[in-house]
Every structure is written in structure tokens, then in C-alpha cells.
Number of protein chains: 2
Amino acid sequence: MAVTKADNQYLDIEERVNKIFSPERGSMQFCPVKDILGHFADKWSIFTILALGKREKLRFNELKEMVEGISQRMLTVTLRSLEENGLVERKMYQEIPPRVEYWLTPLGRSLLEKILELASWSSMNMEAIVEARNKFAAKK
Amino acid sequence: MAVTKADNQYLDIEERVNKIFSPERGSMQFCPVKDILGHFADKWSIFTILALGKREKLRFNELKEMVEGISQRMLTVTLRSLEENGLVERKMYQEIPPRVEYWLTPLGRSLLEKILELASWSSMNMEAIVEARNKFAAKK
DNA sequence: CCGTATCCGAAATGATACTG
DNA sequence: CAGTATCATTTCGGATACGG
């Protein structure tokens, strides 16, 4: 039986996915990749990383201005999480009033690249998605 | 004053981000890109898309098996959302017992590519992240 | 088999007040 | 300025029961 190009397409994807989530890299019960993906797959992390990408360093309130709609609490929580995962560094100056600076680590900058591509995809396909939504709503 | 290569790096990123979230593409108050990004930036959508990528078509319970830990409810909710946004198509056969098939649209497949890169990044940088977490925990 | 409907507890997030 | 602490609210998600 011939193996078509189309068949190979799915086998290829399956192979890539399986490689990423391979058992050697963690049990199925606690997969580190799932854990890591789950950690950054939220809008505040994504928008915070995008904001941090714009400058070399940023202060807390500068970030709060740039990440629209984020509360002080969620910015704190998000930054701590990013710091904990090695994507962001934080430096506090012992001055009055206090000054705190945040910036992306090289690891953070490498993730930024992927997030930019995702954001770019959203931007490019916006019309198609809005159209799909309207079509879906009309069917109901 | 000389503009260094490093300076240009941040200006470049800022330009790219601003272009993606440009005002012409939606007001700051309701930015479609933010809306769209927010929609797919959750783990169930991401893992469901990855699972769908593995095959041409999949039935509901096949998907439920593949997306580990997902409940029937969340799979339904996630699939409806993906369908609503034009990433997934659904076909129901009027048989008994009923059979329903889901598959990625071309739009969905293009997003899959970006998600694969994100997942791949997670996989590649797993060790660095775990190390960062340990270092962070030790500092406390 | 593939859902929907409902309820409920847990977790995420916002609002507000307070502090070094 | 840059948080922390607390409380209120909303949202998420699991469990269960039922239906086409």
C-alpha cells in the first residue's frame, strides 16, 4: 500500500510531538514540558514578556503602565513567577524612594522570540478568526 | 551620540511589538490581538491542538485519551472554542451510536506550527528552567 | 458515544488598605 | 515606589446525572 505525502504529514507531526513529550524527559504523570508550557501559557506572562522585550530594563510602574489592564497584584505575581523560572532578573536599589529594575535574561529573550511569532500569527490571522466567529454565531 | 547595536536591538523589538498591537488594528481598550492571544493561551487549547495535529481526524473519546487529564467537560468547552475560532472543524454522523469527528482547519494547522515551536522551546530549555527554580528556592 | 445541564469546591484575579 | 496582606468576586474545572 502506498504511503501518501498526506500520511507522512501526520506521522511527522506525531513524531515531533512525541519527541517533545518523550517519556525519558519525564513521566506521563508529571511531565516537565507540560509543567513549563502550563507556566507561560497565560496572558499576563505573555504580555509582560512582550513589554520587557521593548527595553533593556524597566521599573515596576513602567511595566504596569505598559501591560494594559494588569493589576499591581498580578504584575507582582507574574514577575515573581518569571523570575523563579529564570526568564527575568530583578535588582532592587536601596534608595528612598525604592527603585526596582526588571529585565529579560538571555533565556527570557529566547522565549520572547517564540512569543513574538505567536503574537504575529494572531495579528496576521485576526480577520480570518473574526470571520469564523461571525459564521459560527450565525449558525446558532 | 552613537547608536550602538544593543540600542537597536530594543528599538527593533519595540517596533515589532507595536506593529503587532498597532492602534489601526483595534483600539487599546479592545485589541483583537490581545483577545485572540488570550483565547489560545491556555493549556487545554494548546494540548488539544497538539493532539489534533497527530492525525487527520479524531473522535471525541480518542482525543480525551490523548489529552491527558482533561475532563469530558473541558474537552467539550475547548473544542467548541476552537471550532468557534475557525481552528477546528466538527462533523457529526447521524448513526447509533453517534460518531463525531474533529480535525484542524488549515488555519489551525498554521497555529499548530507555532505551538510546536513553543513546546519545542520548553523541551529544549527544561534543564535551565529547573535549575533556575532550584537556585531561586535556595535563595529564600 | 457524545454530549448537555447542574452543582460545587478550588483557584485565579481584582479591589482596597496598609507599609518599609 | 514597590510592594504585601486581606478580602471579595469571578472564573475554572471536576463530579455527577441525565439525554439524543
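Note that the structure is a prediction, hence the values are computed from the model and not measured. Naming: A, B, ... by sequence-line order, numbering from 1 per chain.
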Discussion item. What verdict does the salt bridge (charged side-chain N to carboxylate O under 4.0 Å, His left out) test give for B:Glu89 and B:Lys57, after you've listed the backbone C-alpha separation in whole Å, the side-chain angles of each residue and the deciding distance to 0.1 Å?
Written reply: CA-CA 10 Å; B:Glu89 273 191 277; B:Lys57 293 166 190 270; over 6 Å; no
Measure all distances between protein nitrogen or oxygen atoms and nitrogen or oxygen atoms of nucleotides 6-11 of chain C, and list the pairs falling under 3.5 Å.
none

Worksheet item: So which of A:Val88, A:Leu50, A:Val77, A:Thr78 actually passes side chain to side chain contact (heavy atoms under 4.5 Å, CB included) with A:Ser45?
Response: A:Thr78
Fill in: Close side-chain approach of B:Trp121 and A:Leu107, heavy atoms under 4.5 Å
yes
Discussion item. Using 30° and 60° as the class boundaries, would you call the ring planes of A:Tyr102 and A:Phe60 parallel, tilted or perpendicular?
Written reply: tilted
Worksheet item: For A:Pro98 and A:Met92, which heavy atoms make the closest approach, and how far apart are they?
Response: CB-CE, 4.4 Å
Worksheet item: To the nearest Å, how far apart are B:Glu101 CD and C:dC2 P?
Response: 10 Å
Item to complete: May I ask you to check whether over 12 heavy atoms, not counting those of A:Glu113, lie within 6.0 Å of atom CD?
Response: yes
Practice prompt. Answer yes or no: does atom CD of B:Glu15 have more than 12 heavy-atom neighbours from other residues, nucleotides or ligands under 6.0 Å?
Written response: no
Item to complete: Taking heavy atoms of chain B and a 4.0 Å limit, find me the 5'-most and 3'-most nucleotide of DNA chain D within that range.
Response: D:dG13 to D:dG20
Pull out every protein N or O sitting under 3.5 Å from an N or O of nucleotides 18-20 of chain C, one pair per line with the distance.
none

Discussion item. Other residues, nucleotides and ligands only: do more than 12 of their heavy atoms fall within 6.0 Å of CD on B:Glu65?
Written reply: no
Practice prompt. Mind listing the closest non-hydrogen atom pair of B:Arg80 and A:Phe136 along with its distance?
Written response: O-CZ, 4.4 Å
Response to the item:
Here the pair of heavy atoms bringing B:Lys54 nearest to A:Glu14 is CG-CA, 3.9 Å
Response to the item:
Assign each of A:Val100 and B:Ser71 the nucleotide of DNA chain D bearing its closest heavy atom; nearer the 5' end lies the nucleotide of A:Val100
Discussion item. If hydrophobic clusters are built by linking Ile, Leu, Val, Met, Phe, Trp and Tyr wherever their side-chain heavy atoms come under 4.5 Å apart, do B:Ile13 and A:Met66 end up in the same one?
Written reply: yes
Worksheet item: Taking atom CD of B:Gln9 and atom CD of A:Glu56, what is their separation to the nearest 0.5 Å?
Response: 8.5 Å
Response to the item:
Taking every heavy atom of B:Phe21 against every heavy atom of B:Lys34, the minimum-distance pair comes out as CE2-CG, 3.9 Å
Discussion item. Without decimals, in angstroms, what is the distance between A:Leu75 CG and C:dA12 P?
Written reply: 17 Å
Discussion item. Can you measure B:Glu83 atom CD to C:dC2 atom P for me and round it to whole angstrom units?
Written reply: 15 Å
Item to complete: Sort by first number and list every stem of DNA chain C: at least 3 consecutive Watson-Crick or G-U wobble pairs, both distances under 3.5 Å.
Response: C:3-20 with D:1-18
Fill in: Length of the CD-P vector between B:Glu62 and C:dC2, whole Å
8 Å
Practice prompt. Find the distance between CG (B:Asp35) and NZ (A:Lys43) and round it off to the nearest 0.5 Å.
Written response: 9.5 Å
Discussion item. Expected output is a numbered-order residue list: members of residues 84-97 of chain A with a heavy atom under 4.0 Å from any atom of DNA chain D. What is it?
Written reply: A:Arg90, A:Pro97
Discussion item. Grouping I, L, V, M, F, W and Y whenever their side-chain heavy atoms are under 4.5 Å apart, do B:Trp103 and B:Leu112 come out in a common cluster?
Written reply: no
Worksheet item: What residues in residues 41-50 of chain A put a non-hydrogen atom under 4.0 Å from any atom of DNA chain D?
Response: none
Item to complete: Take A:Leu111 and B:Leu118 through the side-chain contact (heavy atoms from CB on, under 4.5 Å) test and state the conclusion after the steps.
Response: CA-CA 8 Å; A:Leu111 178 57; B:Leu118 206 60; 3.9 Å; yes
Worksheet item: Which pair of non-hydrogen atoms, one from A:Leu58 and one from A:Ala51, has the smallest distance, and what is that distance?
Response: CD1-O, 3.5 Å
Item to complete: Could you check B:Leu87, B:Leu75, B:Asp42 and say which one makes a side chain to side chain contact (heavy atoms under 4.5 Å, CB included) with B:Thr48?
Response: B:Leu75
